[in-house]
Amino acid sequence: MEAAKSGGIPVAEVIGDAYGKLLQNASYRYFALVLGAPVNLFTLLVHRTRTAGDIHTSVLRETREELLASGLQKELQADFTDQLQSKARFFGQQLTDTELEAEAQKLTAERFEHMAAQRAERRLQEQGLTRSTFISTFRSLLQHPLFLPLSFIPGLPLYLLIWLYSSPYLKYIFERLVMTVFVIFGVAVLVFTILYISPFDPAVNILGQTATDAQIIEFNRVYGLDQSYLVQLWDNIKGIAMFDLGKSFAGNEEIVSAIGRKFPVTLELTLFSLLMAVGIAIPIGIISAAKPNSWFDYTFMLIALIGLSIPSFWQGLVFILGFSIKLQWLPATFNPGNWLTFIMPVVVLGTGLTAAIARMTRASTLEVIHEDYIITATAKGLSKRKVLLKHAVRNALIPIVTVIGLQFGAMLGGAAVTEKVFNISGLGSYIVDKQFIPDIPAIMGGVVYTAITISLINAIIDILYAFVDPRIRSKMKQY
Amino acid sequence: MVNTNADRRAAQLRLTTSQDYRQAGFAWVGSLIITLVLLLGSYDWEREAFKPYIGIACLIYGIFTLIQVLVTLLIRRDLILKGDIRARTRALGYIQLLSLVTANVFLVTAALQLIQKRKSPEYTLAVYTLLTQIAVIGISALNLYKPYVADTFLTGMFVLLAVAVFHLLVVVLTARFVSRRQISRKLVWIAYPLLLTSLTGNLFALALGIILLVRIRNRDNPAVAGWEDVLERMTRNTTAMLGLLFIAFLFSVSVCSYVTFDYGMAVDNNYSLILQPPSLAYPLGTDNFGRCLFTRIIFGARISLIVGVMSTVLPLLLGGTLGAISGYYGRYTDNIIMRALDVLYAIPGILLAIAIIAAFGANTVNLILALSVGAIPTYARTMRANVLQVSTYEYVDAARAFGSSNRSIIFKHIVPNSLAPMIVKATLTIGGAVISTSSLSFLGLGIEPHIPEWGNILKLGSTYLETNSYLAIFPGLAIIALVLSFNFFGDGLRDALDPKMD
C-alpha cells in the first residue's frame, strides 16, 4: 500500500499508457468508452474546454491557407488526371471526362488534407508544442492527485479493463473466457431454436392423439409453451445458468438433478477411455515415427486405421459376444459397483481415440524430426533417445494435446452409442431415451451441459498452452 | 570395402524403389493374413471338428501364398544380381493370375502388375476396371443358387459379361499402346465405349475413359500436367487402389443390383426360412423374418454410400464457401462467420444430430442434414486456413494488380489452389459419416427401420447375438470394409497430393 501511494505518479503513467494503447484497439474501444462513461465524459469536457483555444487548430488553418495560395491543389489535380488517363489507357477502359474529373478531384482533396495535416504537425513540432488529444488530456488529469481517487469508484469497470489490457496474460485469458461465455450462450440459443421450430407439438406427443383441447392448453401453460419465443428462450437460458430447467415432460423428474446423477457416469467412462488412449497411443506413435516404414510402423498404423474404421456399437457387440457370451470372462451389462463391467465400455469408447492419437502422434513427430534443431541436437552428440524424447516429442506434443482436447468432445457425444450398447445409464443414453418422446427440456439440458463441459475444457487447454509454450507466449506479447 | 558398401546400397535402393518388389511383398503378407483367418475359421471350436470346405479354401490360399513368397524372393534376387527383373520371373505372374478364381485380390493385383514391365497409370486403371467388373459379376452370380431370381437377371448378367470381355480388351490395348510419353490416337475408339460402360457404375472405367480422352487431346503438348504426377503416385499406392477398388465395386454393385438382384428377397417376409444359417442359396443366412441377409447388405450399400457422400459433400460446399469468404475478406466478416461457427463446433456432432432428429423426425433427408450441419465448421476452418495462405501468394497480388474483380480472384485463383486439402479431408471424413449414419440407425434415430440399411440390419441382428451372431457380425464387417476403404483411399490421396509427406 505504501509503495503504491509513494509511487503514485508511475502508476498514473502506466494507466495512461495502457489506456492509450487500448483506445487504438477497435473492439476494446467501445467497451472502454461505455464502461468508463462518467470518467470519459468528464475527460471529454476538460478536453473540449482546453481545445477551444488550442494552438493546433489555428496552425492548421494557417497552413491550409498558405498551401491554397501556393497553387498546390492545381498541381495535384493535373497529376492525378494524368495518372488516371494512363491507367485507363493501359487497361483499355473508356472513361468519360466528367468521371475522370470527379475521380481526380476526390483524390486531390484527400491528398491535400493529408499534406496540410502533416505540415501543421511538423510546424507544431518545430515550435516545441504537442497537439492536445483526448488521451493526452486523460494523462494530464491522471497526474492530478485528486483525479484518480475521485474517479476510482465511478470508473472502476474502466480501470479493471485497463488493468486486464496492460498484462498480455490477463488479456489473453480474459478474451478466451469471454469467447467461451459467448459460445455457451450461442449453443443454448441454437439448441433451443432447433427444438423450438420443430414441427411436432409436444403436448400431442405426450398426452396422445386423444387429448382434449383443454388438456393441451393446460399442458402448454404448465410448461410455459404458450409464451412467445423470446420469453421461452430467456427462461431456458436463465434455467441453464441457474441449474434449474424445471421438470421433464414425461416422468415428472427434475431435469438438472437427473443430469447431475448421470453426467458423472459418462464423465468417468470418458476419462478412463482417454487415459487408456493416451497411455497406449503416444508410445506407439513415437516408436512408429522413430522407425518410419518399419514392420512395427506398418503393423501398428494398419491396426490404428482399422481401429478408426470400427463402429463402436459393433465392436461392443462383438466384445459382448466374445468375452461375455462365449468366454464368460466379463459381465455384459454395466453395474456401477463392479469395476469388471467397466473394462469393455472403456476399451470400446477409447478405441477410436487411441487410433486417432496414435496417427496424430506419428505424423506430428515425423514433422518435427526433420526440423533443423533436431539435426543440431544430433550433431552436438546427444543420444538418439534423448533427441527423440527431449527435443522431438516435447515439441510434437502441442498439436497432439489440442487434438485430444477436441476429440474429448467427440467422445462425450460418442459415449451415447457405447452407453446404449452396454446399457449404462449415463448422460448419452439419457438424451437418446428422451429423444424418442421427444422431451424438449431434457434434450436441451443434456446437449447444452455437454457442450459447456467441452467448451470449458478446450478453454482451459488453450490457457494452459499460453503458459507452457514459449512460442505462444511471445506471440501473445507482440499484439 | 567402399565398393561393396556402395554396391549394397545401390541394391538396397533398387529394392526399395521397385514397385514390383514392394507390391509382391505386400501381396504375400495380405494373402498370408487371409490364409491365417481361414485357418482359424476352418476349425469348429465348439464341436472340435474340422470344416472341410473352409479347410480346402485355406489350403489353396496357402499354396498360392507360398508361390507368392517364392516369386518375391526371385524378384529380390533378380534385382540384387541383375538390377532388373528377368522375363522368366515376370512369367510367373501368369501362374499367380490363376488365384483370380479364389478371389484373392492381393495376389491378382500383384500378378497383373508383375506381368507388365512398363506400367502406365492407364494400365493400372484398366486392370482395376476389369477387377471391379469381375467382382460385380461374381457377386451377382451368387444369385444363381437362389430359388428364384429377378426377371432382368439373365439379360443383366450377359451385359455385364460382355462389358467384362470389353474391359479385358481394354487391359490388353492399354498395355500395348499407352506409355508414359506417348499414346495412340486410335484409342479414342475404346475411350468412348469405356465411358459408356461406366453406366454399370464402374468408377474406374469412367476415370480411365476421361483420362484417355484428355491425354489424347494433349498428346502434342510436351509439358506434363500436374495431375498426371498425382495420378502416377496414386496408382503406385497399392492400399489406396485396393480401397478405391472396394468403393468402386460397392458403387457398381449398388447400381447393378437394380437389374441383377431381387428387392423382394431383402424386404419380403418368408416365415418358412427364419434364421437359417449360411448356405449356398443364402450365403450369409437369413434373419428373423426369413429375409436373405446377403441381399439386404447389398441393398444397404447404396444407402450407406449416398448418405456418406451427401453428408460430406453438403458441408464441404457450405463450409468451404463460408471459409473462403471468411479467409479472403478477413476482419469483421471473418470474425462474424468464425464466431458463429465456433458455436456449432462446440456441440459434439452426434448430439447435434440427435437434437435435430428429435426436432424434425427420423428419416433419410433429415439424417443427411443433421450430419451435415455438425461438419460445417471443420471444413470452414480448413478452407479458411488454406485461403489465408494462398491469398499471400504472388499470383494473387498479380491478379489484383491487373484489376481482376474479387469474385474472379476467389474463384479463379484462390479456390482451385486451396482445394487439395479439402478433398483429402473430405475423403477421410466420408468414413466417419458412414459410421455416424449406421450408429444413428442402430440407435433408431437414422434411416427408417423398414429400409435395409447396415445400421438397421445390425440393430435387428443384435437381438439374436447369442443364437445367430452372424446377423450382427456380417453387416458390421461390411461397414468396416467400406470405412477402411475410404480411409485407405484418403491416406493415399493425401500422400499423392502432398509430395512433401513422402
Side-chain angles (χ1 to χ4, degrees), chain A residues 27 91 179 182-187 189-191 194-200 302 305-306 308-315 317-318 320-321 325-326 352 363 366 409-414 416-417 420-421 428 431-432 434-440 443-444 446-448 450-452 454-455 458, chain B residues 16 29 45-46 239 335 339-340 342-362 374 402-403 431-432 434-436 438-440 442-445 454-455 458-459 461-462 465-466 469 472-473 475-477 479-488 491 501:
Chain A
S27 42
F91 286 116
M179 232 169 65
F182 166 78
V183 164
I184 291 171
F185 182 75
V187 166
V189 173
L190 178 73
V191 176
I194 288 174
L195 295 171
Y196 181 82
I197 55 177
S198 154
F200 303 130
L302 181 69
L305 205 60
I306 293 175
L308 213 56
S309 312
I310 295 185
S312 55
F313 59 96
W314 186 80
Q315 196 191 359
L317 289 177
V318 169
I320 291 177
L321 179 67
I325 298 176
K326 289 259 163 80
L366 266 185
M411 280 227 303
L412 273 181
V417 182
K420 283 310 273 186
V421 173
I431 297 174
V432 173
K434 291 294 180 190
Q435 187 285 146
F436 288 105
I437 300 177
D439 202 330
I440 307 275
I443 300 172
M444 159 117 188
V447 175
V448 172
T450 313
I452 289 176
I454 293 167
S455 307
N458 283 329
Chain B
T16 49
V29 174
W45 296 94
E46 276 156 27
T239 47
N335 244 325
R339 291 298 82 76
D342 276 349
V343 171
L344 264 187
Y345 199 65
I347 311 174
I350 225 149
L351 288 188
L352 185 64
I354 290 177
I356 293 178
I357 287 166
F360 299 102
F402 270 116
V434 171
I435 290 187
S436 302
S438 50
S439 300
L440 286 173
F442 179 77
L443 293 177
L445 309 173
W454 291 348
L458 233 165
K459 183 183 170 63
S462 68
L465 200 58
E466 231 162 311
S469 51
I473 289 181
L477 289 178
I479 298 173
I480 295 179
L482 180 61
V483 177
L484 201 58
S485 299
F486 273 119
N487 284 340
F488 273 139
D491 273 1
M501 298 288 289

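Every chain is numbered from 1, with letters handed out A, B, ... down the list of sequences. Quick caveat, the model's predicted, so the values are computed rather than measured.
Heavy atoms of B:Phe488 lying under 4.5 Å from chain A belong to its backbone as well as its side chain. Contacts between A:Met179 and chain B at a heavy-atom distance below 4.5 Å involve the side chain alone, from C-beta outward. Only the side chain of B:Phe442 comes within contact range of chain A, judged by heavy atoms closer than 4.5 Å. Using a 4.5 Å cut-off between heavy atoms, B:Leu440 makes no contact with chain A at all. If you measure heavy-atom distances from B:Asn335 to chain A, you find no contacts under 4.5 Å at all. For a residue to count as touching a neighbouring chain, one of its non-hydrogen atoms must lie under 4.5 Å from one of that chain's; by this rule A:Ile194 touches chain B with backbone and side chain alike. B:Val434 does not touch chain A: none of its heavy atoms, backbone or side chain, sits under 4.5 Å away. Looking at B:Ile350, only its side chain comes within 4.5 Å of chain A, counting heavy atoms on both sides.
For the set B:Ile435, B:Leu344, B:Leu352, the entry with the most heavy-atom pairs within less than 4.5 Å of chain A is B:Ile435. Contact count against chain B (heavy-atom pairs under 4.5 Å) is highest for A:Ile197 among A:Asn458, A:Leu412, A:Ile197, A:Ile320. Between chain B and the residues A:Ile443, A:Val417, A:Leu321, the most heavy-atom pairs under 4.5 angstrom are made by A:Leu321. Counting heavy-atom pairs under 4.5 Å between each of B:Ala362, B:Gly431, B:Ala472, B:Gly461 and chain A puts B:Ala472 at the top. Contact tally against chain A (heavy-atom pairs below 4.5 Å) for B:Ala481, B:Gly476, B:Gly349: the top residue is B:Gly476. The candidate with the highest count of non-hydrogen atom pairs below 4.5 Å against chain A, out of B:Leu458, B:Ile479, B:Leu477, is B:Leu458.
The shortest side-chain heavy-atom distance between A:Leu305 and B:Asp491 falls under the 4.5 Å cut-off.
A donor-acceptor pair under 3.5 Å is absent between the side-chain atoms of A:Trp314 and the main chain of B:Ser439, judged by distance alone.
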